[in-house]
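In what follows, every chain begins at residue 1, and chains take the letters A, B, ... in the order their sequences are listed. Since we're looking at a predicted model, the values are computed, not measured.
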Amino acid sequence: MDEQFVEDVLSAVERIPPGQVASYGDVAELVGRGGPRQVGQVMSRHGGAVAWWRVVRADGRPVRGLEGEAWEKLSAEGVPKRGDRVDMAVARMRGGGFGEARYEP
DNA sequence: AATTTGACGACCG
DNA sequence: TCGGTCGCCAAAT
């Protein structure tokens, strides 16, 4: 894990628009190397400087250990919530694709 | 060098 | 939805 990877991950996270989220795996894919766990590793150490609450688990649960804080930020940005998790079908960052799931409660 | 540990993820029952 | 299993990848023991 070099500094370059850290920089890349943090930049990727900074590119997540308010009101949307990305999974650890998504970030890893954007960065182009490493995996979800590596992203998690970086966030755990250096995530304080960016919008860490916009990075959630693939199943929509917010960051382990900081759920309270995360929900504050997320709901303040209007991120749609389903029960105790983010509604990924709606809030997940789209990579320019078109065929995306629709929202039906 | 071997094993355990994570801000994880896909699958299955 | 809820748990358990297995795969993953790098770092820390």
Side-chain angles (χ1 to χ4, degrees):
Chain A
M1 263 286 242
D2 52 40
E3 279 304 316
Q4 186 56 64
F5 182 65
V6 173
E7 293 284 329
D8 291 347
V9 168
L10 297 182
S11 318
V13 172
E14 275 295 309
R15 290 202 294 280
I16 305 172
Q20 295 191 9
V21 301
S23 73
Y24 292 87
D26 291 341
V27 174
E29 218 177 293
L30 284 172
V31 168
R33 67 173 156 131
R37 312 196 79 130
Q38 280 50 249
V39 172
Q41 190 69 209
V42 170
M43 290 306 283
S44 144
R45 298 187 171 216
H46 315 89
V50 297
W52 53 265
W53 57 91
R54 292 183 196 141
V55 182
V56 303
R57 288 201 189 184
D59 63 5
R61 272 194 207 82
V63 182
R64 187 185 289 282
L66 295 171
E67 292 83 359
E69 278 289 312
W71 279 124
E72 273 185 51
K73 307 285 193 178
L74 290 171
S75 37
E77 295 179 357
V79 172
K81 177 163 76 105
R82 262 172 88 125
D84 62 340
R85 48 173 131 158
V86 172
D87 188 340
M88 294 304 273
V90 179
R92 192 175 196 174
M93 189 164 49
R94 317 260 195 292
F98 182 17
E100 285 294 342
R102 282 169 303 319
Y103 184 34
E104 40 186 317

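Of the P atoms belonging to B:dA7 and C:dC6, the separation is 22 Å, rounded to the nearest Å. One C1' atom belongs to B:dA1, the other to C:dA12, and the distance between them is 14 Å to the nearest Å.
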Enumerate donor-acceptor pairs with a distance under 3.5 Å from any side-chain N or O in residues 3-13 of chain A to protein atoms, sequence neighbours excluded.
unit_1: A:Q4; atom_1: NE2; unit_2: A:D8; atom_2: OD1; d: 2.9
unit_1: A:S11; atom_1: OG; unit_2: A:E7; atom_2: O; d: 2.7

Return a table of donor-acceptor pairs under 3.5 angstrom between the side chains of residues 60-72 of chain A and protein atoms on other chains or two or more places apart.
unit_1: A:R61; atom_1: NH1; unit_2: A:D59; atom_2: OD2; d: 2.4
unit_1: A:E67; atom_1: OE1; unit_2: A:G65; atom_2: N; d: 3.4
unit_1: A:E67; atom_1: OE2; unit_2: A:G65; atom_2: N; d: 3.1

### Query
Which is it for A:V42 and A:M1 under the side-chain contact (heavy atoms from CB on, under 4.5 Å) test, yes or no, and what are the steps along the way?
CA-CA 9 Å; A:V42 170; A:M1 263 286 242; 3.7 Å; yes

### Task
Report the C-alpha separation of A:V56 and A:M88 in whole Å, then their side-chain angles, then the decisive distance to 0.1 Å, and conclude whether the side-chain contact (heavy atoms from CB on, under 4.5 Å) test is met.
CA-CA 9 Å; A:V56 303; A:M88 294 304 273; 3.8 Å; yes

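Legend: salt bridge (Lys or Arg N to Asp or Glu O under 4.0 Å) pairs involving residues 11-33 of chain A, not counting sequence neighbours, sorted by first then second residue: A:D2-A:R33, A:D26-A:R92. The stretch residues 47-56 of chain A participates, sequence neighbours left out, in these salt bridge (Lys or Arg N to Asp or Glu O under 4.0 Å) pairs: A:R54-A:E77. Among residue pairs with one or both ends in residues 34-43 of chain A, none qualify as side-chain hydrogen bond (donor to acceptor under 3.5 Å, both in side chains); sequence neighbours excluded.
Contacts between residues 49-67 of chain A and DNA chain B, defined by a heavy-atom separation below 4.0 Å, involve A:W52, A:R57, A:A58, A:V63, A:R64, listed by number. Across residues 5-29 of chain A, A:S23, A:Y24, A:G25 each have a non-hydrogen atom less than 4.0 Å from an atom of DNA chain B (numbered order).
For the pair A:A91 and A:V79, the tightest heavy-atom approach, listed with the atom from each and the gap, is CB-CG1, 3.9 Å. Taking every heavy atom of both residues into account, A:A28 and A:P36 meet most closely at CB-N, 4.0 Å.
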### Query
Nucleotide by nucleotide, 5' to 3', does protein get under 4.0 Å of the base (B), only the sugar-phosphate (S), or neither (-) in nucleotides 5-13 of chain C, counting heavy atoms?
--BBBSSS-

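With sequence neighbours excluded, no residue forms a side-chain hydrogen bond (donor to acceptor under 3.5 Å, both in side chains) with A:D84.
No side-chain heavy atom of A:V31 sits under 4.5 Å from any side-chain heavy atom of A:V39.
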N/O-N/O pairs, protein side and nucleotides 11-13 of chain B side, under 3.5 Å:
none

